[in-house]
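Given the structure is predicted, the values throughout are model-derived calculations rather than measurements. Ligands are counted one by one from 1 in listed order, and the atoms in each one are counted from 1 as well. Sequential numbering from 1 along the given sequence is applied to the chain's residues.
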Amino acid sequence: MLKAVRGTRDLLPPDTDLWNRVESKVRDIFARYNYHEIRTPVFEDTSLFSRSVGEETDIVSKEMFTWDDRARAQSEKAQSLTLRPENTAGVVRAYIEHGLYKTGTLQKLYYIGPQFRRERPQKGRYRQFYQIGAEIIGPPSAGSESPARDAELLEMLATLLDELGLGGWQLQLNSVGCADDRARYNQALREALKPVVHQMCVDCQRRAETNPLRVLDCKVPEDQPIIEKLPKISAYLDEPCREHFAAVRGMLDAIGVPYTINERMVRGLDYYTRTTFEFTHGGLGAQSAVLGGGRYDGLSESLDGPKAPGIGFAIGEDRLILALQSEGSQSHETVQAYIAPLGAGMNVHALKLAHELRRAGVSADFGDENFRLKKSFELAEKAGAKYIVIVGENEVAADTFALKNLGNGEQVQVPRAQLVEHLRR
Ligand code: ATP
Ligand code: MG
């Protein structure tokens, strides 16, 4: 039997009803905050990711699906291509390519779509997964560096999770400073790691050389006491970064968004600067991050674009769904009316009735004239229908139908012309 590839999965009803409820709430809220959708390609030039996410990150060094795409015509060049492991790089590439900065205004962009990483599949970790993300990016003159943007973005996330009915989330907040701060902090980490790194895992031994900041991401239990004693990034922030972070915190306090400072949270992508954050949820087990994000003030320049500070996040939609389900959320869209044709020649009448109801905006489904009344009731209940409409010879002749409310068992005779009005109630 052919099966879905390892790390990929089919999303089936009724789960997809919950996915759709989440996505429509997301679109509704993002519109309320004046975001507009952007859709970028699912694959890009490999160098887009190595130059933005960073060569030394787990994503680029071992998780990307990359292939050499042969030239098929004289006019084409051979090229290394990669399935996108994340979407911020693609958004910023598009921002530069289409000169969105020329408007001089802030761009508030959002996306919903699949991302791909070759990771070890487990609960909440897949090779094809879905992200819902948003970015605020623009020239500094449009206020893109303002801490108010950070606070606005975080407040929107809190509102989104609250309106989805997700309780029990926690906002973990940190600042990783600017490139200079990070260089000094990396240097300090290198020094501090020198005498202890031989006791750490092999990954940390490598990271200590190539990208010491990544040591803080280590999940190996034996390494944790060593990591706890390493220098803290807050001591290495310069004055402007310190003030920026204080302003973000002050605004979150003012609007009442709760957060916890987590100095170890440095995020797994190299482009982050200043504010970084994750929202975690207890119902997720080891993969506790529902979403992550941060500022990326130098990203555009690293892709040969103009200065365009920005901040964004990506929600792991798979994990958001798991978190909602762990709190008992479910969505099962049901039809309003189930139409039951009884006896020979009634299918066409049932179909016509379904047509009229659907055109009038009432959701409806219908059975087959070969089904007995008992079976029709069973099918109607399986479909979760609120009403069953019986279509027999007598009903058709009288143009009046028996309508039964499956919730309370009430049955009434309703003339065709009043059916829609009745079913809308
Ligand atoms: P993690 O530490 O869990 O690997 P990450 O830091 O690699 O997460 P980001 O690149 O920040 O993740 O992506 C943002 C969000 O996307 C994560 O918080 C998570 O919810 C989700 N996510 C990341 N990788 C996967 C995956 N392989 N499967 C499902 N969701 C994922
Ligand atoms: Mg990861």
Side-chain angles (χ1 to χ4, degrees), residues 4-11 15 19 22 26 48-50 52-54 56-65 82-92 110-135 153-154 157 160-161 164 166 169-174 176 203 207 211 213-220 262 264-273 275-296 299 311-326:
V5 173
R6 183 173 151 79
T8 71
R9 57 196 189 129
D10 302 305
L11 304 173
D15 285 356
W19 283 71
V22 164
V26 159
L48 172 65
F49 304 112
S50 44
S52 56
V53 176
E56 259 309 312
T57 59
D58 283 354
I59 294 179
V60 173
S61 69
K62 54 188 186 206
E63 295 174 357
M64 296 202 304
F65 289 95
T82 292
L83 289 180
R84 62 183 186 197
E86 60 93 82
N87 219 152
T88 301
V91 170
V92 176
Y110 81 88
Y111 59 84
I112 301 178
Q115 317 293 335
F116 306 85
R117 297 182 193 176
R118 190 185 279 109
E119 301 198 72
R120 192 171 69 78
Q122 51 197 293
K123 182 187 169 198
R125 196 178 290 292
Y126 312 100
R127 292 184 168 182
Q128 172 170 340
F129 61 102
Y130 295 82
Q131 283 187 335
I132 298 169
E135 319 286 350
L153 191 95
L154 291 165
L157 283 165
L160 173 63
L161 298 182
L164 281 171
L166 187 72
W169 54 261
Q170 255 211 336
L171 164 55
Q172 315 260 342
L173 193 64
N174 194 16
V176 295
D203 280 340
R207 293 172 186 136
N211 194 347
L213 201 67
R214 292 274 82 84
V215 168
L216 302 185
D217 291 336
C218 177
K219 307 256 159 53
V220 175
N262 177 355
R264 272 192 57 180
M265 204 225 7
V266 291
R267 313 276 302 116
L269 297 83
D270 278 354
Y271 52 63
Y272 286 118
T273 54
T275 312
T276 54
F277 55 87
E278 279 181 2
F279 282 67
T280 54
H281 188 273
L284 290 175
Q287 275 60 249
S288 64
V290 183
L291 69 92
R295 253 191 186 278
Y296 43 82
L299 179 55
I311 181 165
F313 62 81
I315 302 173
E317 191 174 1
D318 308 73
R319 290 191 199 168
L320 176 57
I321 298 287
L322 283 170
L324 285 165
Q325 286 170 337
S326 79

Enquirer: Check the orientation of Trp19 and Tyr130. Use parallel for under 30°, tilted for 30 to 60°, and perpendicular for over 60°.
Expert: perpendicular
Enquirer: Testing the basics here: between Ser326 and Gly283, what is the closest heavy-atom pair and its distance to 0.1 Å?
Expert: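 Of all heavy-atom pairs spanning Ser326 and Gly283, the closest is OG-CA, 3.8 Å.
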Enquirer: Give yes or no for whether the N/O distance cutoff of 3.5 Å, strictly under, is met between Lys219 and ligand 1.
Expert: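 No, no N or O pair falls under 3.5 Å.
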Enquirer: If we set the cut-off at 4.0 Å for heavy atoms, which region of Leu291 has an atom near ligand 1: side chain, backbone, both, or neither?
Expert: backbone
Enquirer: Looking at Gln131 and Gln115, what are the two nearest heavy atoms and their distance?
Expert: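 Minimum heavy-atom separation between Gln131 and Gln115: OE1-CG, 3.5 Å.
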Enquirer: Is there side-chain contact between Asn174 and Asn262, with heavy atoms separated by less than 4.5 Å?
Expert: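 Contact flag for Asn174/Asn262 side chains = no.
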Enquirer: Which heavy atom in Leu213 sits nearest to a heavy atom in Val266, and how many Å separate them?
Expert: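 So the minimum-distance heavy-atom pair works out to O-CG2, 3.7 Å.
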Enquirer: Starting from atom 21 (C) of ligand 1, which protein heavy atom do you reach first, and at what distance in Å?
Expert: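 That would be Gly316 CA, 3.5 Å.
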Enquirer: Nearest to atom 22 (N) of ligand 1, what protein heavy atom do you find, and at what distance?
Expert: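 Going by distance alone, atom 22 (N) of ligand 1 is nearest to Phe129 CE1, 3.6 Å.
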Enquirer: If you take all heavy atoms of Arg6 and Arg127, which pair is closest and at what distance?
Expert: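 Smallest interatomic distance, heavy atoms only, reads O-CD, 3.5 Å.
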Enquirer: Shortest non-hydrogen contact from Gly294 to Tyr272?
Expert: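 Of all heavy-atom pairs spanning Gly294 and Tyr272, the closest is N-CE2, 3.2 Å.
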Enquirer: Quick test: of every protein heavy atom, which one is nearest to atom 10 (O) of ligand 1, and how far off is it to 0.1 Å?
Expert: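 That would be Arg117 NH2, 2.8 Å.
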Enquirer: Could you tell me the residue and atom name of the protein heavy atom closest to atom 8 (O) of ligand 1, and the distance to it rounded to 0.1 Å?
Expert: Arg319 NH1, 4.4 Å
Enquirer: Heavy atoms only: which of Gly293, Gly124, Ala314, Ser288 lies closest to atom 15 (C) of ligand 1?
Expert: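 Among Gly293, Gly124, Ala314, Ser288, the closest heavy atom to atom 15 (C) of ligand 1 comes from Ala314.
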Enquirer: Considering only the protein, which heavy-atom contact is closest to atom 20 (O) of ligand 1, and what is its distance?
Expert: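 Closest protein heavy atom to atom 20 (O) of ligand 1: Ala289 O, 2.9 Å.
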Enquirer: So do Thr88 and Leu299 actually touch side chain to side chain, heavy atoms under 4.5 Å?
Expert: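 Sidechains of Thr88 and Leu299: in contact.
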Enquirer: Take Val22 and Leu320 through the side chain to side chain contact (heavy atoms under 4.5 Å, CB included) test and state the conclusion after the steps.
Expert: CA-CA 9 Å; Val22 164; Leu320 176 57; 3.8 Å; yes
Enquirer: If we only count N/O pairs under 3.5 Å, is Ile59 in contact with ligand 1?
Expert: no
Enquirer: When you compare ligand 1 with Tyr126, is there at least one nitrogen or oxygen pair between them that comes in under 3.5 angstrom?
Expert: yes
Enquirer: Closest non-hydrogen protein atom to atom 11 (O) of ligand 1, residue and atom name please, with distance?
Expert: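 Result: Arg267 NH2, 2.4 Å.
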Enquirer: Could you name the option among Glu63, Glu278, Gln131 that has the heavy atom nearest to atom 13 (O) of ligand 1?
Expert: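 Result: the heavy atom closest to atom 13 (O) of ligand 1 is in Gln131.
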Enquirer: Quick check on contacts: which atoms of ligand 1 are under 4.0 angstrom from a heavy atom of Gly292?
Expert: 18 (O)
Enquirer: Work out whether the distance between some heavy atom of Asp217 and some atom of ligand 1 is less than 4.0 Å.
Expert: no
Enquirer: For Gln287, state whether at least one heavy atom is located under 4.0 Å from any atom of ligand 1.
Expert: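 False for this residue.
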Enquirer: Is Arg207 salt-bridged to Asp217, going by a charged N under 4.0 Å from an acidic O?
Expert: no
Enquirer: Which atom names give the shortest non-hydrogen contact between Ala89 and Ser52, and what distance separates them?
Expert: CB-OG, 3.3 Å
Enquirer: Go through ligand 1 atom by atom and flag the ones less than 4.0 Å from a non-hydrogen atom of Leu269.
Expert: 10 (O)
Enquirer: Looking at ligand 1, is there an atom of it that comes within less than 4.0 Å of some heavy atom belonging to Glu119?
Expert: yes
Enquirer: Between Glu86 and ligand 1, which part of the residue brings a heavy atom under 4.0 Å of the ligand: side chain, backbone, both or neither?
Expert: neither
Enquirer: Do Arg125 and ligand 1 have an N or O pair less than 3.5 Å apart?
Expert: yes
Enquirer: Check whether any side-chain heavy atom of Leu154 sits under 4.5 Å from a side-chain heavy atom of Phe279, and report yes or no.
Expert: yes
